[in-house]
Number of protein chains: 2
Amino acid sequence: MGNLADVLRARGYKVTGPRQQVFDALEGTEKPLSPYEIQNLLQEEDSFLNHVTIYRILDLFSRLGLAHRVLSNSGFVKCNLPGQEGCHRFVICRCCGSVQEFADKELCRKEKSFALDCGFHAESHLSETLGLCAKCYGRRDEKTTI
Amino acid sequence: MGNLADVLRARGYKVTGPRQQVFDALEGTEKPLSPYEIQNLLQEEDSFLNHVTIYRILDLFSRLGLAHRVLSNSGFVKCNLPGQEGCHRFVICRCCGSVQEFADKELCRKEKSFALDCGFHAESHLSETLGLCAKCYGRRDEKTTI
DNA sequence: GGCCTAAATGCAATATTGTTGCATTTAGGC
DNA sequence: GCCTAAATGCAACAATATTGCATTTAGGCC
């Protein structure tokens, strides 16, 4: 079925229960999840994974481009835009915490050439925009959270 | 003399030894410093600050726009571009760890309008480009560090 | 100059997050 | 079913961050 099993096998990694569970957890949410949050989530479903295992799985997912770490709140999100080649652009709602990843070749190119102007050879790029999503902007009188 | 004392007084904060020391530490380096790195640095000069104090000072500096946290390596740098209004653009060398902050109104504007296209009301923006600075690019055969 | 008070710092205890080394289990090829 | 490298578990620890409260100090006042 899946994305995950295919990617793992294609790169010579084993398809295991824990890996599938972490992947499912990431897929089931629009908010970034920290390793320990993933552990808690799974525990609610009566499934226990050692936190070390989760760290190692997330590390693998990052290397495989299956997940990315959002730095502003140090959680992981599933990558929906394969092949972005080290250019990751997130929009993060500071109220509900939801995250979306976007791609924009134009901005990416500009960012790199801009760096080069300063004698800097860009390899990868991370962009995080904080604000309010449409939903939270609508009811923005309520107190903010993040 | 100072930037720091002026800003503190202008906003009703006291000018203290610890604040001056942390500020000086940030000023004396081109690499981002974590709270504990700052503590170690000061200790080498036989000056001890409790880490809680350093955390609180860095927090204050962030709120006052005197320092920014670089997320890629979770260290703080002194802000050299006052009035950027929540738009921070860093270039980080993954070899020597040096960081430079830049401003580009154009990119900043694009980023925001781009977010708006997705129904997202941007408030602040963070951009971190990883790569090699001119110096490290020159001798890039040597092993990389960060 | 000394006095006073709110602000700043120190300190201890604790919580959270991340890492390492090694024992045990398991996926997947035979 | 067996075998082995890979994956996971586990325990111990290291690093980072937070909280509440006691103590000290900057700066306004006389």
Side-chain angles (χ1 to χ4, degrees), chain A residues 1-2 4-25 31-43 45-64 66-76 97 146, chain B residues 1-2 4-25 31-43 45-64 66-76 97 146:
Chain A
M1 17 174 305
L4 176 65
D6 292 348
V7 173
L8 289 176
R9 268 192 284 263
R11 307 274 297 257
Y13 292 99
K14 294 182 178 175
V15 180
T16 68
R19 283 171 182 168
Q20 190 66 58
Q21 291 174 61
V22 171
F23 191 76
D24 292 347
K31 300 184 193 182
L33 297 175
S34 75
Y36 283 95
E37 283 172 336
I38 291 174
Q39 189 179 43
N40 292 338
L41 258 180
L42 295 178
Q43 218 152 2
E45 305 166 4
D46 291 314
S47 159
F48 180 80
L49 286 190
N50 190 283
H51 71 276
V52 178
T53 300
I54 297 175
Y55 272 96
R56 292 194 272 228
I57 288 175
L58 290 171
D59 188 60
L60 176 66
F61 284 4
S62 295
R63 292 198 313 272
L64 296 179
L66 291 167
H68 299 303
R69 173 149 239 177
V70 178
L71 295 177
S72 298
N73 51 11
S74 62
F76 287 83
I146 283 196
Chain B
M1 23 173 300
L4 176 65
D6 292 347
V7 173
L8 288 177
R9 267 192 284 263
R11 306 274 297 257
Y13 292 98
K14 292 182 180 177
V15 179
T16 67
R19 284 172 180 168
Q20 190 66 58
Q21 291 174 60
V22 171
F23 191 77
D24 291 347
K31 300 184 192 181
L33 297 175
S34 74
Y36 283 95
E37 283 172 335
I38 291 174
Q39 188 179 44
N40 291 338
L41 258 180
L42 294 179
Q43 217 152 2
E45 304 166 5
D46 291 315
S47 160
F48 180 80
L49 285 190
N50 189 283
H51 71 276
V52 178
T53 300
I54 297 175
Y55 274 95
R56 293 196 271 228
I57 288 174
L58 289 172
D59 187 62
L60 176 66
F61 283 5
S62 296
R63 293 197 313 272
L64 296 180
L66 290 167
H68 299 302
R69 173 150 239 176
V70 178
L71 295 178
S72 298
N73 52 11
S74 61
F76 287 82
I146 283 195

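Labels below follow one simple rule: chain letters A, B, ... track the order of the sequence lines, proteins then strands, and each chain is numbered from 1.
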Exercise for review: Let me know the distance between OH of B:Tyr36 and P of D:dT16, rounded to the nearest Å.
Suggested key: 8 Å
Practice item. To the nearest 0.5 angstrom, please state how far the CD1 atom of B:Ile38 sits from the CG atom of B:Leu49. Key: 9.5 Å
Check your understanding: So what does B:Val52 touch, heavy atoms closer than 4.0 Å: a base, only the sugar-phosphate, or nothing?
Key -> base
Exercise for review: Hey, could you give me the CZ/CG distance between B:Arg19 and B:Leu4, rounded to the nearest 0.5 Å?
Suggested key: 8.5 Å
**Study point:** Paired nucleotide for C:dT25 [Watson-Crick or G-U wobble; both distances under 3.5 Å]
**Key:** D:dA6
Point to revise | A:Thr53 vs D:dG9: side-chain N/O to OP1/OP2 distance below 4.0 Å | key: yes
Review point. If you take atom types as modelled and just measure distance, does the side chain of B:His51 reach the base of D:dT18 with a donor-acceptor pair under 3.5 Å?
Key: yes
Point to revise | Whole angstrom value for the distance that separates C1' of D:dA17 from CZ of B:Phe76 | key: 11 Å
Review point. Considering Watson-Crick and G-U wobble pairs with both distances under 3.5 Å, what does C:dC30 pair with?
Key: D:dG1
**Study point:** Contact summary for A:Gln39 and A:Asn50, nearest pair of heavy atoms
**Key:** NE2-C, 3.9 Å
Check your understanding: Nearest-Å distance, CD (B:Gln39) to C1' (C:dC11)?
Key -> 12 Å
Study note, to complete from the structure: Ranking C:dT19, D:dT8, D:dA26 by distance to the side chain of A:Ile57, first place goes to D:dT8
Practice item. Tell me which of B:Tyr13 and B:Ser74 sits closer to the 5' end of DNA chain D, going by the nucleotide each one is nearest to. Key: B:Ser74
Check your understanding: Nearest to the side chain of B:Phe48 - C:dC11, C:dT9, D:dT8?
Key -> C:dC11
Review point. Where the side chain of A:Arg56 is concerned, which of C:dT19, D:dG9, C:dG10 is the nearest nucleotide?
Key: D:dG9
Review point. C:dA8 P sits how many Å from B:Ile54 CD1, rounded?
Key: 17 Å
**Study point:** Rounded interatomic separation in angstrom, taking CG from B:Leu49 and C1' from D:dT23
**Key:** 16 Å
Point to revise | Shortest side-chain distance from A:Asn50, nucleotide among D:dC10, C:dG28, D:dA26 | key: D:dC10
Check your understanding: When rounded to the nearest 0.5 angstrom, what is the spacing between CD in B:Glu45 and CD in B:Gln21?
Key -> 8.0 Å
Exercise for review: Can you tell me the distance, in whole Å, between the CG atom of B:Leu42 and the C1' atom of C:dT9?
Suggested key: 14 Å
Check your understanding: Starting at CD of B:Glu37 and ending at P of D:dA14, how long is that distance when rounded to a whole Å?
Key -> 19 Å
Practice item. Return the orientation label for the B:His51 and B:Tyr36 ring planes: parallel under 30°, perpendicular over 60°, tilted otherwise. Key: parallel
Practice item. Would you tell me if any nitrogen or oxygen in the side chain of B:Tyr55 comes within less than 4.0 Å of OP1 or OP2 on D:dA17? Key: yes
Check your understanding: Given D:dA26, is OP1 or OP2 found less than 4.0 Å from the side-chain N or O atoms of B:Arg9?
Key -> no
Exercise for review: Among the candidates C:dA8, D:dA7, D:dC10, find the nucleotide nearest to the side-chain atoms of A:Thr16.
Suggested key: D:dA7
Revision key, fill the gap. A:Leu71 atom CG is separated from C:dT17 atom P, nearest whole Å, by 15 Å
**Study point:** Selected nucleotide, minimal atom distance to B:Lys14 side chain, candidates D:dA7, C:dA8, D:dA17
**Key:** C:dA8
Exercise for review: Identify the nucleotide, in any strand shown, that forms a Watson-Crick or G-U wobble pair with D:dA12, with both distances under 3.5 Å; if there is none, say none.
Suggested key: C:dT19
Study note, to complete from the structure: CD1 of A:Ile57 to CG of A:Leu66, rounded to nearest 0.5 Å, is 11.5 Å
Point to revise | Short side-chain N/O contact from A:Arg69 to OP1 or OP2 of C:dT17, under 4.0 Å | key: no
